[in-house]
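All remarks here apply to the structure that follows.
Within every chain, numbering begins at 1; the chains are lettered A, B, ... in the order of the sequence lines, protein sequences first and strands thereafter.
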2 protein chains.
Amino acid sequence: MKGYTYRQGDQEPSGSLPMWEALVTGAVGDVIEFWGFKRNHGRVWALLYVRNQPMNARELREGLDLSKGAVSMITQDLEHWEVIRRVHLPGNSAWHFVAEVEFMRMISRVLQRREGTLIARVSADLDEALRLASESEDLEPEILDRIQRMRTLATTMRRALRLFTRTARFDFRKARGVL
Amino acid sequence: MKGYTYRQGDQEPSGSLPMWEALVTGAVGDVIEFWGFKRNHGRVWALLYVRNQPMNARELREGLDLSKGAVSMITQDLEHWEVIRRVHLPGNSAWHFVAEVEFMRMISRVLQRREGTLIARVSADLDEALRLASESEDLEPEILDRIQRMRTLATTMRRALRLFTRTARFDFRKARGVL
DNA sequence: TCTGTGGTTCAAGAGCTTTTGAACACCTCG
DNA sequence: CGAGGTGTTCAAAAGCTCTTGAACCACAGA
């Protein structure tokens, strides 16, 4: 009935995908996992992106060897991050998903939120430490310097991380234009 | 995906440290955990750094509430990454540790090694996928484009990440000079 | 030599995160 | 209405990473 029901004999790719799709989804899964997301977030997005046509939950489940529940939760996450969209195909009651092309949005968006709350807390703690330490007696001034040095490290991180996400997004957009 | 647990205001200091040292070590632990290291790597380095004097394994263990084995393994890691040094105090048989001030070295060094092997593998997989896909028939050219686009994403990541570590290191050095 | 201290290793266990799958809630069509 | 298909939820299971602590080695001092 549907395409892609075949299997390459000896190689055992994930689910029922042809080898090259398995390689693509696996590669993107590895990258996205490196950035602190779930591997399957990357795999689902990558399959939708490389297929370049709407897929429903069953197709995702069979292609990537996921459970019903996993597909539901992962697509919800991706939709929430706005890297996939849910569409309705005419004459078909099931939801279908399509990939947004702005992939770096997912990384930079979530990275910046995480980074924001982390740095706020770290800065507050270090300020408090500085306050408490300066009240205690017999303290080398060098030690206060060191706490302050770590304090600036936090803001440096924020700045550098922002630079990184901006650069990455810019480069991805540029790549799209070139290809 | 990693969870970033919000600490309650409670702030029970770890081990036997004064509050301000507990705050400092905890803060650095959080930052370092964000970067994919163990929280205790950051805590141990931070305590050595903020004390600004050699400490032996027992002091680290008591201060940070760690086991004998944990201190041994963590100090080995930190030594290997060259962010702490092992010294011998005269008239004392036990090893003592001191913190190197080049903290960003730890982050950038390990980050670059991890990133390097990851990107090499991802690039190879995507190249292979491209090769296999171009052999199959009835394939939209758009799909080959998309694989190539992901391929450039990998090299973009490498470049951006390198930029990030360089910037962060530079800024930390600058901060040291200022303070 | 024996004893105590310091340090390392690693199997077992603890603690977290992710995945599973059964139960349930909607639909739509006959 | 009931049957069949789709989608969601969440407690339980699986899977991973980190930590523990007992066993072990090495060495110094008595």
Side-chain angles (χ1 to χ4, degrees), chain A residues 1-2 14-15 25-26 29-30 32-45 48 54-81 84-98 110 114, chain B residues 1-7 14-15 25-26 29-30 32-45 48 54-81 84-97 110 114:
Chain A
M1 350 256 155
K2 278 307 211 115
S14 59
T25 52
D30 287 349
I32 212 64
E33 187 173 33
F34 177 84
W35 286 107
F37 302 88
K38 295 186 199 172
R39 184 178 157 78
N40 284 332
H41 283 141
R43 296 211 307 145
V44 168
W45 177 84
L48 290 170
M55 297 178 71
N56 64 26
R58 186 181 44 75
E59 291 168 323
L60 289 173
R61 182 166 55 72
E62 289 169 0
L64 297 171
D65 248 341
L66 299 172
S67 69
K68 212 160 167 266
V71 170
S72 175
M73 287 186 296
I74 287 166
T75 51
Q76 271 179 79
D77 290 342
L78 293 175
E79 212 183 342
H80 181 242
W81 294 328
I84 70 174
R85 226 176 38 245
R86 197 177 283 245
V87 298
H88 230 51
L89 294 193
N92 196 323
S93 67
W95 284 111
H96 284 65
F97 303 96
V98 295
V110 184
R114 287 203 298 226
Chain B
M1 189 163 352
K2 281 252 179 79
Y4 293 87
T5 50
Y6 288 73
R7 250 174 308 141
S14 58
T25 53
D30 287 349
I32 212 63
E33 186 174 35
F34 177 85
W35 287 107
F37 301 88
K38 295 185 200 173
R39 184 176 157 80
N40 283 332
H41 283 140
R43 296 212 306 144
V44 168
W45 177 84
L48 289 170
M55 296 178 71
N56 63 26
R58 185 180 45 74
E59 290 166 322
L60 289 173
R61 181 165 56 73
E62 289 170 0
L64 296 170
D65 249 339
L66 299 171
S67 69
K68 213 164 166 254
V71 170
S72 175
M73 287 185 297
I74 287 166
T75 51
Q76 270 178 81
D77 290 342
L78 293 175
E79 212 183 343
H80 180 243
W81 294 327
I84 69 173
R85 227 175 38 246
R86 199 176 281 244
V87 297
H88 230 52
L89 296 193
N92 196 322
S93 66
W95 285 111
H96 284 64
F97 302 97
V110 184
R114 285 202 301 225

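- Few gaps surround NE2 on B:His88; more than 12 heavy atoms of other groups in view lie less than 6.0 Å from it.
- If you measure from atom CD of B:Glu62 to atom C1' of C:dG6, you get 13 Å, rounded to the nearest angstrom.
- Atom P of nucleotide C:dT20 and atom CG of A:Leu66 are separated by 6 Å, given to the nearest angstrom.
- Both A:Asn40 and B:Ser93 sit near DNA chain C, but only B:Ser93 has its closest nucleotide nearer the 5' end.
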Check nucleotides 9-14 of chain D against the protein and report each pair of N or O atoms closer than 3.5 Å, with its distance, or say if there are none.
from	atom 1	to	atom 2	distance (Å)
D:dT9	OP2	A:Gln76	OE1	3.4
D:dT9	OP2	A:Gln76	NE2	3.3

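- In this structure, B:Asn56 places its CG atom 14 Å from P of C:dT5, rounding to the nearest Å.
- Within the 4.5 Å cutoff, the side chain of B:Arg85 has no heavy atoms near those of the B:Phe97 side chain.
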Original post:
Hey, mind stepping through B:Arg86 and B:Glu79 against salt bridge (charged side-chain N to carboxylate O under 4.0 Å, His left out) and telling me if it holds?
Top reply: CA-CA 7 Å; B:Arg86 199 176 281 244; B:Glu79 212 183 343; 3.0 Å; yes

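- Nucleotide D:dT6 holds its C1' atom 11 Å from the CZ atom of A:Phe97, rounded to whole Å.
- The distance between atom CG of B:Leu60 and atom C1' of D:dT20, rounded to the nearest whole Å, is 17 Å.
- A donor-acceptor contact shorter than 3.5 Å is absent between the side chain of A:Asn40 and the backbone of A:Arg43.
- A:Arg39 comes within contact range of no nucleotide atom at all, as no heavy-atom separation falls under 4.0 Å.
- Between the CD atom of A:Glu59 and the P atom of D:dT6 there is a distance of 10 Å, rounded to whole Å.
- A straight line from CZ of A:Phe37 to C1' of C:dT17 spans 16 Å, rounded to a whole angstrom.
- Put simply, the side chain of B:Leu89 does not reach to within 4.5 Å of the side chain of B:Asn56, judged on heavy atoms.
- Among the protein residues, B:Arg61 comes within range of no part of the nucleic acid, since none of its heavy atoms lies under 4.0 Å from any strand.
- Rounding to whole angstrom units, NE2 of residue B:His96 and P of C:dG6 are separated by 10 Å.
- With a 4.5 Å cut-off on side-chain heavy atoms, B:Trp45 and B:Trp81 do not count as touching.
- A:Glu62 places no side-chain N or O within donor-acceptor distance of the main-chain N or O of A:Glu59, the cut-off being under 3.5 Å.
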